[in-house]
Structures are given as C-alpha cells and as structure tokens.
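Taking it in order: structure first as structure tokens, then the write-up.
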Amino acid sequence: MKLFWKQKKQKTEAVQVDDRLQHIAFIMDGNGRWAQRRGMPREFGHSHGAATFKKIGRYCESIGIKYMTVYAFSTENWKRPQKEVDTIMQIFDDYIEDCFAEMEDDNVRVHFIGNLSIFSDSLRQKMEKIERETVHKTFMLNVAVNYGGREEITHACNELIKQGKTDVTEADISSQIYTAGCPDPDLIVRTGGDLRTSNFLLWQSAYAEYYFTDVLWPDFSGKDVDEAVAAFYSRKRRYGGV
Ligand code: IPE
Ligand code: IPE
Ligand code: MG
C-alpha cells in the first residue's frame, strides 16, 4: 500500500496509511481540564472523552490503521476522588455493554490489557466474552485499564518464574506482556499538553515515535489524527543505525 497525501491550501489530509504505521497508541489525557474549563465537574469530561474514543477508533480504522491501543485507566488513577473513579468505572461498564450491542456491525477485535484481576469475576467474564467473540475481526483495539507499564513488566517476569525460568531473554518478556502478539506501537500520541509517558507501554515504546499535542482529548478529532500521522511520516526512524 502507498501513502497518499492531498495537499489543499495549508491543510494536509491523510487518506490512507501504509505498513510503516500499523499500530497507533493514544494517551487520552485532558478530560478533567476540558470539563473544568466549561465550569463542569471532571466526570462530564470523561463522558465526552468516551465518545471521542469511539469516534477516533472508527477514524483510525478508516485510514488503514491495523492496531490501536488506548490508555483508559492507569494503575495510579485509583488515587483520584472516589466519585471520579466510580464514574470512570461506570463508563467502562457502559462501554462493555456497547461492545456487545455493536459487535455484529463492527470490525473491532477488542482486547483488554492491564491487571484485570482487580475487577469482579462477572466483569472479567464479560471482558473475556467480548475478546472471544471478536477474535476473528481485523482492526485490533487494546483497551488499557488498570494498566501500568511497570506492573506489566513485573507481571511478565513473575509468569516466567512460574514457568521455571531462571534466565530470561527479551523475547521471553515480549511473550508475556499484555500486548503479546501485537507489533510494538509505531506512534504514541498524547493529548492534553503534558510531555510524559505516565507509565504507558514502557516495554513496547522502545522505538515508538511520540507525538504530543495541547488539544484536550474530548476535542481531539480526525484532523488531529491526520496531523499526528503527517508528523510520523516526516520522521526518520533509525533504530540506532545511521
Ligand atoms: C484522562 O484525562 C483520563 C483518565 C486519566 C482516566 P484526565 O482525567 O487525566 O484529565 P486531566 O489531565 O485532569 O485534564
Ligand atoms: C495518564 O493520564 C493516564 C491515562 C490517560 C489513562 P494521567 O492524567 O493519569 O497522567 P498524569 O497523572 O498527568 O501523569
Ligand atoms: Mg490527566
């Protein structure tokens, strides 16, 4: 596949990506500030953020992205006020119900990444059911909940210890991380203006390209994806070579 660009006035419009950009990941940040700027409680921002997530998923699929990973809730986000955590968990629950409702029409293979043992048995069973029933779809969506990069690597090491390994290779760790089987992200986009990883995909991001934008996640649009994609294609990935 070839990458086509339509240059119209100053606008750069990405029509399709090629195999150089298979996996895009998003740190969906800025929901709280988006709401507060409107004089609304932070929870209002999370509801809008959830709608943006669905819209951006559809957009990424339409431009030929094969894998998308979103950071929805970190292992550190439990520190937030209980009311906010409860709202996010309710949104997550609603999302799972929507997955069931929309499964037939969508081409989305859903996979949950993170330490899922914290969730109730019934919620975990629902997540596993969605994963099973969408396994044949071709647009892969990793939803990171109760996810932390350090937790993921520690968990991978413990799995290897359980297997009796006393000496581990990079390939062993790659085989036990939550995204095993998925190529590493080519591009990681963080919205909301902060310039940090906040414990996201620490292992997988070794050679990812980063793109940071001040746009707050609920405002993020297809046009913003296009800009991130254009930035990605302007970079030279050397992987340590020359
Ligand atoms: C990201 O938005 C969503 C989650 C972390 C769950 P925030 O809630 O962190 O929004 P800001 O960064 O406070 O604006
Ligand atoms: C990162 O955002 C986590 C998610 C987007 C889910 P945070 O808002 O939690 O990150 P910090 O606290 O600003 O580093
Ligand atoms: Mg934040």
Side-chain angles (χ1 to χ4, degrees), residues 23-57 59-60 65 67-99 110-119 123 127 140-155 177-179 182 185 187-205 208-221 224-225 228:
H23 186 173
I24 187 166
F26 293 98
I27 301 173
M28 308 186 288
D29 198 24
N31 291 347
R33 280 164 287 165
W34 184 90
Q36 283 166 332
R37 281 179 199 174
R38 285 162 177 75
M40 299 296 282
R42 294 175 55 83
E43 291 76 13
F44 182 67
H46 294 308
S47 306
H48 279 263
T52 301
F53 153 58
K54 288 189 157 189
K55 188 181 71 186
I56 295 300
Y59 187 75
C60 286
I65 299 285
Y67 304 86
M68 175 169 147
T69 301
V70 291
Y71 203 7
F73 196 84
S74 76
T75 45
E76 288 74 49
N77 286 148
W78 299 104
K79 293 177 194 156
R80 295 186 177 204
Q82 193 57 43
K83 183 166 163 267
E84 181 171 346
V85 170
D86 288 347
T87 302
I88 296 171
M89 289 303 140
Q90 185 57 52
I91 289 171
F92 182 50
D93 219 55
D94 294 346
Y95 170 68
I96 288 182
E97 293 307 322
D98 287 355
C99 281
V110 186
H111 181 49
F112 296 96
I113 63 170
N115 182 348
L116 307 180
S117 67
I118 202 154
F119 298 114
L123 186 61
M127 291 188 234
M140 180 141 193
L141 175 65
N142 296 308
V143 181
V145 278
N146 192 30
Y147 175 90
R150 288 186 171 184
E151 193 281 333
E152 176 179 46
I153 296 166
T154 308
H155 175 265
I177 53 173
Y178 298 126
T179 57
C182 233
L187 173 63
I188 300 179
V189 174
R190 181 173 186 142
T191 62
D194 283 314
L195 309 179
R196 55 177 171 260
T197 70
S198 301
N199 205 9
F200 187 46
L201 302 180
L202 297 184
W203 181 264
Q204 300 87 330
S205 62
E209 296 295 328
Y210 277 94
Y211 180 83
F212 297 96
T213 170
D214 288 337
V215 175
L216 302 174
W217 178 255
D219 287 330
F220 198 70
S221 67
D224 297 309
V225 175

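In each ligand, atom 1 is the first atom listed, and ligand 1 is the first ligand listed. Here the structure is a predicted model, which is why all the values come from computation and not from measurement. Note: hydrogens, waters and symmetry copies are ignored here, and every other heavy atom, side chains too, is used. Position 1 is the first residue of the sequence, and the numbers go up from there.
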Protein residues that have a heavy atom under 4.0 Å from any atom of ligand 1, sorted by chain and number: Met28, Asp29, Gly30, Asn31, Gly32, Arg33, Arg42, His46, Ala72, Asn77, Arg80, Glu84, Ile88
Near-ring test Phe112/Tyr147, centroid separation under 6.0 angstrom: no
Ring centroids only, cut at 6.0 angstrom: are Tyr178 and His155 within range, meaning strictly under it? yes
Flag, side chain of Glu151 to backbone of Gly114, donor-acceptor distance under 3.5 Å: no
Checking Val85, Thr87, Asp86 against Arg80 for side chain to side chain contact (heavy atoms under 4.5 Å, CB included), the one that qualifies is Val85
Are Phe119 and Phe92, when compared by the centres of their aromatic rings, separated by less than 6.0 Å? yes
The Mg ion (ligand 3) reached by Asp29 (N, O or S, under 2.8 Å): yes
For Arg196, take its heavy atoms, then give the atoms of ligand 2 lying under 4.0 Å from any of them. 11 (P), 13 (O), 14 (O)
Let me see the working for His46 and Glu84 under side-chain hydrogen bond (donor to acceptor under 3.5 Å, both in side chains), right down to the final yes or no. CA-CA 9 Å; His46 294 308; Glu84 181 171 346; 2.8 Å; yes
Picking from Val110, Ile91, Leu123, what satisfies side chain to side chain contact (heavy atoms under 4.5 Å, CB included) with Ile96? Leu123
